Amino acid sequence: QERSSNKFNYGAYHSLEAIYREMDSIAGDFPKLATRVKIGHSFEHRPMYVLKFSTTEGRRRRPAIWLNAGIHSREWISQATAIWTARKIASDYGKDPAITTILEKMDIFLLPVANPDGYVYTQTRNRLWRKTRSVNPGSRCIGVDPNRNWNASFAGQGASDNPCSEIYHGPHANSEVEVKSVVDFIQEHGNFKCFIDLHSYSQLLMYPYGYTVKKAPDADELDEVARCAAKALASLSGTTYQVGPTCTTVYPASGSSVDWAYDHGIKYAFTFELRDTGHYGFLLPANQIIPTAEETWLGLKTIMEHVRNNLY
Amino acid sequence: REKFFGDQVFRINVRNGDEISKLSQLVSSDNLKLNVWKSPSTFSRPVDVLVPSVSLQPVKSFLKSQGLEYSVTIKDLQALLDNEDEEMQHNEG
(Lines give C-alpha, C1' and ligand atoms only; values in the text may rest on other atoms or scores of the structure.)
Protein backbone atom coordinates (compact mmCIF):
# COMPACT_ATOMS: atom_id res chain seq x y z
CA GLN A 1 0.00 0.00 0.00
CA GLU A 2 2.93 2.28 0.84
CA ARG A 3 4.51 1.58 -2.56
CA SER A 4 1.34 2.41 -4.45
CA SER A 5 0.92 5.59 -2.41
CA ASN A 6 4.53 6.42 -3.33
CA LYS A 7 5.52 9.10 -0.83
CA PHE A 8 8.59 10.30 -2.76
CA ASN A 9 8.16 13.97 -3.60
CA TYR A 10 9.74 14.49 -7.03
CA GLY A 11 9.41 18.24 -6.59
CA ALA A 12 11.98 18.33 -3.80
CA TYR A 13 15.68 17.63 -3.28
CA HIS A 14 16.52 14.44 -1.40
CA SER A 15 19.30 12.74 0.51
CA LEU A 16 21.37 10.02 -1.14
CA GLU A 17 19.58 7.39 0.95
CA ALA A 18 16.16 8.65 -0.14
CA ILE A 19 17.21 8.57 -3.81
CA TYR A 20 18.54 5.03 -3.44
CA ARG A 21 15.29 3.99 -1.70
CA GLU A 22 13.25 5.46 -4.54
CA MET A 23 15.36 3.59 -7.10
CA ASP A 24 14.55 0.41 -5.18
CA SER A 25 10.90 1.40 -5.10
CA ILE A 26 10.80 1.93 -8.87
CA ALA A 27 12.39 -1.49 -9.40
CA GLY A 28 9.81 -2.97 -7.03
CA ASP A 29 6.90 -1.25 -8.76
CA PHE A 30 8.02 -2.37 -12.25
CA PRO A 31 9.71 -5.77 -11.70
CA LYS A 32 9.42 -6.81 -15.36
CA LEU A 33 11.13 -3.66 -16.60
CA ALA A 34 13.43 -2.10 -13.98
CA THR A 35 16.23 -3.49 -11.83
CA ARG A 36 18.56 -1.65 -9.49
CA VAL A 37 22.12 -2.75 -10.23
CA LYS A 38 25.22 -2.01 -8.14
CA ILE A 39 28.03 -1.12 -10.55
CA GLY A 40 30.70 -0.29 -7.97
CA HIS A 41 31.40 1.96 -5.00
CA SER A 42 32.74 5.42 -4.22
CA PHE A 43 36.01 6.40 -2.54
CA GLU A 44 34.24 6.45 0.83
CA HIS A 45 32.66 3.06 -0.03
CA ARG A 46 29.15 4.20 -0.78
CA PRO A 47 27.41 1.99 -3.35
CA MET A 48 26.95 3.26 -6.91
CA TYR A 49 23.55 2.16 -8.22
CA VAL A 50 22.10 2.35 -11.71
CA LEU A 51 18.57 1.54 -12.77
CA LYS A 52 18.51 -0.81 -15.74
CA PHE A 53 15.39 -0.66 -17.91
CA SER A 54 15.11 -3.71 -20.14
CA THR A 55 12.20 -5.56 -21.77
CA THR A 56 14.27 -8.72 -22.15
CA GLU A 57 15.57 -10.98 -19.41
CA GLY A 58 19.10 -9.70 -20.08
CA ARG A 59 19.79 -12.61 -22.37
CA ARG A 60 22.17 -10.64 -24.54
CA ARG A 61 23.81 -7.21 -24.64
CA ARG A 62 21.21 -5.24 -26.52
CA PRO A 63 22.12 -1.80 -27.88
CA ALA A 64 22.00 0.50 -24.86
CA ILE A 65 21.73 4.10 -23.70
CA TRP A 66 23.59 5.50 -20.64
CA LEU A 67 22.03 8.45 -18.78
CA ASN A 68 24.53 9.95 -16.32
CA ALA A 69 23.78 12.58 -13.65
CA GLY A 70 25.28 14.15 -10.57
CA ILE A 71 28.93 13.85 -11.53
CA HIS A 72 29.43 17.39 -10.13
CA SER A 73 27.78 17.05 -6.76
CA ARG A 74 26.59 20.65 -6.28
CA GLU A 75 24.52 20.52 -9.47
CA TRP A 76 21.49 19.20 -7.57
CA ILE A 77 19.01 19.73 -10.39
CA SER A 78 20.81 17.01 -12.37
CA GLN A 79 20.30 14.29 -9.71
CA ALA A 80 16.69 15.44 -9.18
CA THR A 81 15.98 15.39 -12.92
CA ALA A 82 17.49 11.93 -13.21
CA ILE A 83 15.35 10.31 -10.51
CA TRP A 84 12.22 11.93 -11.97
CA THR A 85 13.26 10.59 -15.38
CA ALA A 86 13.64 7.10 -13.92
CA ARG A 87 10.02 7.09 -12.70
CA LYS A 88 8.91 8.59 -16.05
CA ILE A 89 10.59 5.88 -18.14
CA ALA A 90 9.00 3.14 -16.03
CA SER A 91 5.53 4.63 -15.86
CA ASP A 92 5.38 5.64 -19.55
CA TYR A 93 6.49 2.26 -20.92
CA GLY A 94 3.48 0.68 -22.59
CA LYS A 95 1.67 4.03 -22.73
CA ASP A 96 3.97 6.39 -24.64
CA PRO A 97 4.71 4.84 -28.08
CA ALA A 98 8.10 6.59 -28.26
CA ILE A 99 9.52 5.17 -25.03
CA THR A 100 7.81 1.82 -25.67
CA THR A 101 9.48 1.38 -29.05
CA ILE A 102 12.81 2.62 -27.71
CA LEU A 103 12.70 -0.02 -24.95
CA GLU A 104 11.64 -2.72 -27.37
CA LYS A 105 14.90 -2.24 -29.23
CA MET A 106 17.30 -0.95 -26.58
CA ASP A 107 18.11 -1.03 -22.88
CA ILE A 108 18.46 2.16 -20.81
CA PHE A 109 20.85 2.49 -17.87
CA LEU A 110 20.35 5.49 -15.58
CA LEU A 111 22.91 6.61 -12.96
CA PRO A 112 21.30 9.40 -10.89
CA VAL A 113 24.25 10.03 -8.54
CA ALA A 114 27.59 9.54 -10.26
CA ASN A 115 29.45 11.17 -7.35
CA PRO A 116 27.85 9.87 -4.12
CA ASP A 117 30.54 11.10 -1.71
CA GLY A 118 30.43 14.60 -3.14
CA TYR A 119 26.63 14.63 -3.00
CA VAL A 120 26.56 13.65 0.68
CA TYR A 121 29.22 16.28 1.35
CA THR A 122 27.05 18.98 -0.25
CA GLN A 123 24.21 17.98 2.06
CA THR A 124 26.22 17.78 5.25
CA ARG A 125 29.25 20.05 5.01
CA ASN A 126 29.56 22.30 1.98
CA ARG A 127 26.67 22.86 -0.43
CA LEU A 128 29.04 24.08 -3.14
CA TRP A 129 31.33 21.07 -3.28
CA ARG A 130 31.95 19.90 -6.87
CA LYS A 131 34.60 17.20 -6.88
CA THR A 132 35.02 13.69 -5.47
CA ARG A 133 36.25 13.28 -1.88
CA SER A 134 39.39 11.29 -2.56
CA VAL A 135 42.63 12.14 -0.72
CA ASN A 136 45.46 13.69 -2.72
CA PRO A 137 48.77 12.42 -1.26
CA GLY A 138 51.07 15.33 -0.44
CA SER A 139 48.32 17.90 -0.62
CA ARG A 140 45.95 19.32 1.98
CA CYS A 141 43.32 19.66 -0.75
CA ILE A 142 40.70 16.97 -1.26
CA GLY A 143 39.07 15.64 -4.40
CA VAL A 144 39.37 15.38 -8.14
CA ASP A 145 37.05 16.85 -10.77
CA PRO A 146 35.39 13.64 -11.95
CA ASN A 147 34.63 15.22 -15.31
CA ARG A 148 38.32 15.80 -16.06
CA ASN A 149 39.36 12.27 -15.01
CA TRP A 150 38.29 10.25 -18.06
CA ASN A 151 40.79 8.89 -20.56
CA ALA A 152 40.10 11.41 -23.30
CA SER A 153 43.07 13.69 -23.85
CA PHE A 154 43.63 13.32 -20.12
CA ALA A 155 45.46 16.27 -18.48
CA GLY A 156 45.03 18.34 -21.61
CA GLN A 157 43.72 21.88 -21.85
CA GLY A 158 40.89 22.96 -19.57
CA ALA A 159 42.07 20.86 -16.64
CA SER A 160 44.51 21.56 -13.81
CA ASP A 161 47.33 19.57 -12.21
CA ASN A 162 46.79 21.44 -8.93
CA PRO A 163 44.90 19.27 -6.38
CA CYS A 164 43.42 22.47 -4.90
CA SER A 165 41.82 23.43 -8.20
CA GLU A 166 38.12 22.79 -8.91
CA ILE A 167 39.18 21.28 -12.25
CA TYR A 168 41.98 19.08 -10.94
CA HIS A 169 42.28 16.10 -13.30
CA GLY A 170 43.68 13.66 -10.75
CA PRO A 171 46.95 11.68 -10.71
CA HIS A 172 45.97 9.57 -13.76
CA ALA A 173 42.96 8.75 -15.93
CA ASN A 174 40.29 6.75 -14.07
CA SER A 175 42.08 7.42 -10.77
CA GLU A 176 38.65 8.10 -9.29
CA VAL A 177 36.91 4.84 -8.47
CA GLU A 178 33.60 6.49 -9.31
CA VAL A 179 34.79 7.10 -12.88
CA LYS A 180 36.47 3.70 -13.21
CA SER A 181 33.26 1.93 -12.10
CA VAL A 182 31.35 3.46 -15.02
CA VAL A 183 34.18 2.94 -17.52
CA ASP A 184 34.54 -0.73 -16.56
CA PHE A 185 30.79 -1.34 -16.71
CA ILE A 186 30.39 0.27 -20.15
CA GLN A 187 33.48 -1.43 -21.58
CA GLU A 188 32.41 -4.81 -20.23
CA HIS A 189 28.93 -4.35 -21.70
CA GLY A 190 30.39 -3.33 -25.05
CA ASN A 191 27.21 -2.29 -26.86
CA PHE A 192 26.37 1.24 -25.76
CA LYS A 193 25.23 3.55 -28.56
CA CYS A 194 24.41 6.70 -26.60
CA PHE A 195 25.89 8.49 -23.55
CA ILE A 196 24.15 11.56 -22.10
CA ASP A 197 25.57 13.49 -19.13
CA LEU A 198 23.35 15.89 -17.15
CA HIS A 199 24.98 18.93 -15.56
CA SER A 200 23.90 22.43 -14.55
CA TYR A 201 23.71 25.30 -15.14
CA SER A 202 23.62 27.50 -18.32
CA GLN A 203 21.03 25.82 -20.55
CA LEU A 204 23.36 24.33 -23.12
CA LEU A 205 23.16 21.15 -25.18
CA MET A 206 26.62 20.15 -26.33
CA TYR A 207 28.41 17.35 -28.14
CA PRO A 208 32.13 16.43 -28.63
CA TYR A 209 34.71 17.63 -28.53
CA GLY A 210 35.65 19.42 -25.35
CA TYR A 211 39.36 18.66 -25.53
CA THR A 212 39.96 20.09 -28.99
CA VAL A 213 38.46 22.59 -31.41
CA LYS A 214 38.84 19.88 -34.06
CA LYS A 215 35.43 18.97 -35.51
CA ALA A 216 34.17 15.53 -34.50
CA PRO A 217 33.58 13.17 -37.47
CA ASP A 218 29.83 13.01 -36.70
CA ALA A 219 29.51 16.68 -35.68
CA ASP A 220 26.99 17.56 -38.39
CA GLU A 221 24.60 14.78 -37.40
CA LEU A 222 25.07 15.42 -33.66
CA ASP A 223 24.43 19.13 -34.20
CA GLU A 224 21.22 18.39 -36.06
CA VAL A 225 19.98 15.98 -33.41
CA ALA A 226 20.88 18.44 -30.64
CA ARG A 227 19.00 21.27 -32.35
CA CYS A 228 15.91 19.07 -32.69
CA ALA A 229 16.22 18.11 -29.02
CA ALA A 230 16.62 21.74 -27.92
CA LYS A 231 13.56 22.68 -29.97
CA ALA A 232 11.49 19.91 -28.36
CA LEU A 233 12.71 20.98 -24.92
CA ALA A 234 11.77 24.61 -25.56
CA SER A 235 8.27 23.62 -26.73
CA LEU A 236 7.07 23.04 -23.16
CA SER A 237 7.97 26.24 -21.29
CA GLY A 238 10.01 28.23 -23.78
CA THR A 239 13.35 27.44 -22.11
CA THR A 240 16.00 28.25 -24.67
CA TYR A 241 19.18 26.20 -24.98
CA GLN A 242 22.31 26.99 -26.91
CA VAL A 243 23.68 24.15 -29.01
CA GLY A 244 27.22 23.39 -30.14
CA PRO A 245 30.46 21.51 -29.51
CA THR A 246 31.69 21.80 -25.93
CA CYS A 247 35.04 23.38 -26.71
CA THR A 248 33.68 26.44 -28.47
CA THR A 249 30.30 26.68 -26.72
CA VAL A 250 31.49 26.91 -23.16
CA TYR A 251 35.22 26.31 -22.69
CA PRO A 252 37.93 23.76 -23.45
CA ALA A 253 37.71 20.74 -21.13
CA SER A 254 39.90 17.65 -21.42
CA GLY A 255 39.16 14.32 -19.73
CA SER A 256 35.38 14.59 -19.94
CA SER A 257 32.91 11.69 -19.84
CA VAL A 258 31.26 12.55 -23.14
CA ASP A 259 34.54 12.86 -25.06
CA TRP A 260 35.64 9.51 -23.64
CA ALA A 261 32.36 7.90 -24.67
CA TYR A 262 32.57 9.32 -28.18
CA ASP A 263 36.19 8.29 -28.66
CA HIS A 264 35.24 4.79 -27.51
CA GLY A 265 32.64 4.32 -30.22
CA ILE A 266 29.55 5.67 -28.48
CA LYS A 267 28.50 7.96 -31.30
CA TYR A 268 25.52 9.72 -29.73
CA ALA A 269 27.28 11.54 -26.89
CA PHE A 270 25.72 14.70 -25.42
CA THR A 271 26.07 16.99 -22.41
CA PHE A 272 23.07 18.88 -21.03
CA GLU A 273 23.67 21.95 -18.88
CA LEU A 274 20.22 22.30 -17.31
CA ARG A 275 18.46 25.39 -15.88
CA ASP A 276 19.04 28.15 -15.22
CA THR A 277 21.24 30.76 -16.90
CA GLY A 278 22.67 32.07 -13.63
CA HIS A 279 19.91 33.77 -11.67
CA TYR A 280 20.04 30.99 -9.08
CA GLY A 281 22.83 28.93 -10.60
CA PHE A 282 23.45 25.76 -8.60
CA LEU A 283 20.78 26.80 -6.08
CA LEU A 284 17.83 26.33 -8.41
CA PRO A 285 14.72 26.34 -6.21
CA ALA A 286 12.96 22.98 -5.79
CA ASN A 287 9.79 24.36 -7.38
CA GLN A 288 11.66 24.32 -10.69
CA ILE A 289 12.60 20.63 -10.47
CA ILE A 290 9.53 19.21 -12.16
CA PRO A 291 9.28 21.86 -14.91
CA THR A 292 12.98 21.31 -15.59
CA ALA A 293 12.63 17.52 -15.63
CA GLU A 294 9.56 17.63 -17.86
CA GLU A 295 11.20 19.83 -20.50
CA THR A 296 14.45 17.88 -20.34
CA TRP A 297 12.48 14.69 -20.93
CA LEU A 298 11.31 16.03 -24.30
CA GLY A 299 14.94 16.65 -25.29
CA LEU A 300 16.08 13.25 -24.04
CA LYS A 301 13.27 11.48 -25.90
CA THR A 302 14.17 13.25 -29.14
CA ILE A 303 17.74 12.02 -28.86
CA MET A 304 16.75 8.48 -27.86
CA GLU A 305 14.28 8.22 -30.74
CA HIS A 306 17.01 9.28 -33.17
CA VAL A 307 19.31 6.62 -31.71
CA ARG A 308 16.54 3.98 -32.02
CA ASN A 309 16.04 4.90 -35.70
CA ASN A 310 19.76 5.00 -36.48
CA LEU A 311 21.34 2.03 -34.74
CA TYR A 312 24.84 1.29 -35.99
CA ARG B 1 28.66 22.81 7.88
CA GLU B 2 30.16 25.61 5.74
CA LYS B 3 28.30 28.93 6.08
CA PHE B 4 28.11 31.63 3.40
CA PHE B 5 26.73 34.63 5.32
CA GLY B 6 26.94 37.77 3.18
CA ASP B 7 28.69 35.94 0.35
CA GLN B 8 27.60 37.10 -3.08
CA VAL B 9 27.75 35.79 -6.64
CA PHE B 10 29.09 38.26 -9.18
CA ARG B 11 28.39 37.96 -12.89
CA ILE B 12 31.34 39.55 -14.68
CA ASN B 13 31.13 40.42 -18.37
CA VAL B 14 34.38 39.95 -20.25
CA ARG B 15 34.80 41.34 -23.74
CA ASN B 16 38.21 40.16 -24.88
CA GLY B 17 41.21 38.01 -24.15
CA ASP B 18 42.92 40.74 -22.17
CA GLU B 19 40.01 41.03 -19.77
CA ILE B 20 39.87 37.26 -19.44
CA SER B 21 43.50 37.08 -18.41
CA LYS B 22 42.97 39.88 -15.87
CA LEU B 23 40.01 37.98 -14.47
CA SER B 24 41.92 34.68 -14.40
CA GLN B 25 44.58 36.44 -12.38
CA LEU B 26 41.91 37.61 -9.91
CA VAL B 27 40.18 34.24 -9.47
CA SER B 28 43.48 32.40 -9.00
CA SER B 29 44.59 34.57 -6.08
CA ASP B 30 44.51 32.34 -2.99
CA ASN B 31 43.79 34.95 -0.34
CA LEU B 32 40.48 36.10 -1.89
CA LYS B 33 39.05 32.51 -1.69
CA LEU B 34 36.92 33.02 -4.79
CA ASN B 35 34.89 30.04 -6.06
CA VAL B 36 34.37 30.02 -9.81
CA TRP B 37 30.87 28.88 -10.75
CA LYS B 38 31.24 29.50 -14.49
CA SER B 39 34.81 29.76 -15.76
CA PRO B 40 36.24 32.47 -17.97
CA SER B 41 36.23 31.34 -21.59
CA THR B 42 37.10 32.99 -24.85
CA PHE B 43 33.53 32.75 -26.07
CA SER B 44 32.22 36.01 -24.58
CA ARG B 45 30.24 34.16 -21.96
CA PRO B 46 29.80 35.86 -18.58
CA VAL B 47 31.88 34.59 -15.67
CA ASP B 48 30.10 33.76 -12.41
CA VAL B 49 32.17 33.94 -9.25
CA LEU B 50 31.21 33.36 -5.63
CA VAL B 51 32.82 36.15 -3.58
CA PRO B 52 33.14 35.62 0.18
CA SER B 53 31.87 38.60 2.19
CA VAL B 54 35.38 39.44 3.40
CA SER B 55 36.58 39.75 -0.20
CA LEU B 56 33.70 41.86 -1.54
CA GLN B 57 35.50 45.17 -1.18
CA PRO B 58 38.87 44.21 -2.70
CA VAL B 59 37.14 42.41 -5.57
CA LYS B 60 34.89 45.40 -6.32
CA SER B 61 37.93 47.70 -6.25
CA PHE B 62 39.81 45.41 -8.61
CA LEU B 63 36.91 45.17 -11.08
CA LYS B 64 36.43 48.93 -11.01
CA SER B 65 40.14 49.62 -11.49
CA GLN B 66 40.21 47.26 -14.48
CA GLY B 67 37.02 48.64 -15.98
CA LEU B 68 35.33 45.25 -15.77
CA GLU B 69 31.51 45.37 -15.75
CA TYR B 70 29.71 43.18 -13.26
CA SER B 71 26.33 42.58 -11.63
CA VAL B 72 25.33 40.78 -8.45
CA THR B 73 23.14 37.76 -9.23
CA ILE B 74 22.91 36.41 -5.68
CA LYS B 75 23.00 39.03 -2.93
CA ASP B 76 23.08 36.71 0.10
CA LEU B 77 23.96 33.13 -0.61
CA GLN B 78 23.25 31.91 2.89
CA ALA B 79 19.65 33.11 2.72
CA LEU B 80 19.07 30.92 -0.36
CA LEU B 81 20.76 27.99 1.33
CA ASP B 82 18.64 28.39 4.46
CA ASN B 83 15.46 28.27 2.32
CA GLU B 84 16.66 25.14 0.57
CA ASP B 85 17.64 23.50 3.82
CA GLU B 86 14.34 24.34 5.50
CA GLU B 87 12.44 22.88 2.58
CA MET B 88 14.49 19.68 2.64
CA GLN B 89 13.93 19.25 6.39
CA HIS B 90 10.21 19.78 5.88
CA ASN B 91 10.11 17.28 3.04
CA GLU B 92 12.16 14.64 4.90
CA GLY B 93 9.70 14.95 7.79
Side-chain angles (χ1 to χ4, degrees), chain A residues 7-15 17-18 72 74-77 80 121-130 141 145 157-160 162 164-167 199-202 204 210 213 242 244-253 273 276-287 289, chain B residues 1-5 7-14 17 20-21 23-24 27-53 69-93:
Chain A
K7 294 190 175 63
F8 190 84
N9 175 358
Y10 284 91
Y13 293 114
H14 291 276
S15 64
E17 293 74 20
H72 288 143
R74 64 186 175 188
E75 300 166 8
W76 280 14
I77 186 61
Y121 197 75
T122 61
Q123 299 209 339
T124 54
R125 304 295 299 279
N126 180 346
R127 171 69 178 79
L128 295 174
W129 189 259
R130 163 189 169 97
C141 291
D145 180 344
Q157 58 170 340
S160 167
N162 175 359
C164 297
S165 166
E166 293 277 45
I167 52 173
H199 290 253
S200 83
Y201 58 94
S202 291
L204 304 171
V213 288
Q242 255 185 278
T246 303
C247 195
T248 52
T249 303
V250 60
Y251 37 63
E273 290 280 357
D276 62 8
T277 55
H279 183 74
Y280 288 107
F282 302 121
L283 305 178
L284 194 71
N287 61 18
I289 292 173
Chain B
R1 176 187 282 245
E2 189 99 6
K3 292 295 180 186
F4 300 87
F5 293 113
D7 294 8
Q8 297 189 334
V9 176
F10 284 13
R11 166 152 289 191
I12 304 161
N13 295 307
V14 285
I20 286 175
S21 58
L23 198 52
S24 300
V27 300
S28 56
S29 64
D30 273 348
N31 53 340
L32 292 173
K33 296 271 181 285
L34 304 182
N35 183 304
V36 178
W37 280 21
K38 283 294 159 190
S39 303
S41 77
T42 53
F43 312 112
S44 70
R45 301 186 63 79
V47 177
D48 292 349
V49 182
L50 170 60
V51 182
S53 51
E69 279 172 34
Y70 73 95
S71 59
V72 178
T73 53
I74 296 178
K75 290 183 173 51
D76 182 352
L77 185 60
Q78 192 56 44
L80 273 185
L81 292 175
D82 291 344
N83 285 347
E84 188 179 73
D85 213 27
E86 196 179 308
E87 189 172 61
M88 276 191 75
Q89 305 301 333
H90 171 73
N91 178 57
E92 279 301 305

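Any value given below was found using the heavy atoms of this structure, including those in side chains, with hydrogens, waters and symmetry copies removed. Predicted, not measured: the structure shown is a model, and the values here were computed from it. In what follows, every chain begins at residue 1, and chains take the letters A, B, ... in the order their sequences are listed.
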Enquirer: Could you tell me which non-hydrogen atom of A:Thr122 sits nearest to which non-hydrogen atom of B:Arg1, and how far apart they are?
Expert: O-NH1, 4.5 Å
Enquirer: Please give me the minimum heavy-atom distance between A:Tyr13 and B:Asn91, naming the atom from each residue.
Expert: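 Looks like O-ND2, 4.0 Å.
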Enquirer: Just so I know, are the side chains of A:Arg74 and B:Asn35 near enough to count as touching, which here means a heavy-atom distance under 4.5 Å?
Expert: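 Side-chain contact under 4.5 Å: yes.
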Enquirer: What part of A:Glu17 gets closer than 4.5 Å to chain B, counting heavy atoms only: side chain, backbone, both or neither?
Expert: neither
Enquirer: Please look at A:Thr124 and chain B and tell me whether the side chain, the backbone, both or neither of the residue comes under 4.5 angstrom of a heavy atom of that chain.
Expert: backbone
Enquirer: Below 4.5 Å from any heavy atom of chain B, which atoms of A:Trp129 appear? Answer side chain, backbone, both or neither.
Expert: neither
Enquirer: Return the set of residues passing ring-ring contact (aromatic ring centres under 6.0 Å, His included) with A:Phe282 (not counting sequence neighbours), or none when no residue passes.
Expert: A:Tyr201, B:Trp37
Enquirer: Side-chain contact test, heavy atoms from C-beta onward, threshold under 4.5 Å: evaluate it for A:Tyr280 versus B:Val9 and give yes or no.
Expert: no
Enquirer: So what's closer than 4.5 Å to chain B heavy atoms on A:Ser15: side chain, backbone, both or neither?
Expert: both
Enquirer: Can you tell me which portion of A:Ser200 sits under 4.5 Å from chain B's heavy atoms? Options are side chain, backbone, both or neither.
Expert: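 Backbone of A:Ser200 only, per the 4.5 Å heavy-atom cut-off to chain B.
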Enquirer: Considering non-hydrogen atoms only, spot the tightest contact between B:Arg45 and A:Thr249 and give its length.
Expert: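 Of all heavy-atom pairs spanning B:Arg45 and A:Thr249, the closest is CD-O, 3.1 Å.
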Enquirer: Can you see which heavy atom on B:Met88 is nearest to which on A:His14, and at what distance?
Expert: CE-C, 3.9 Å
Enquirer: Do you know which two heavy atoms are closest between A:Gly278 and B:Thr73, and how far apart they sit?
Expert: O-CB, 3.8 Å
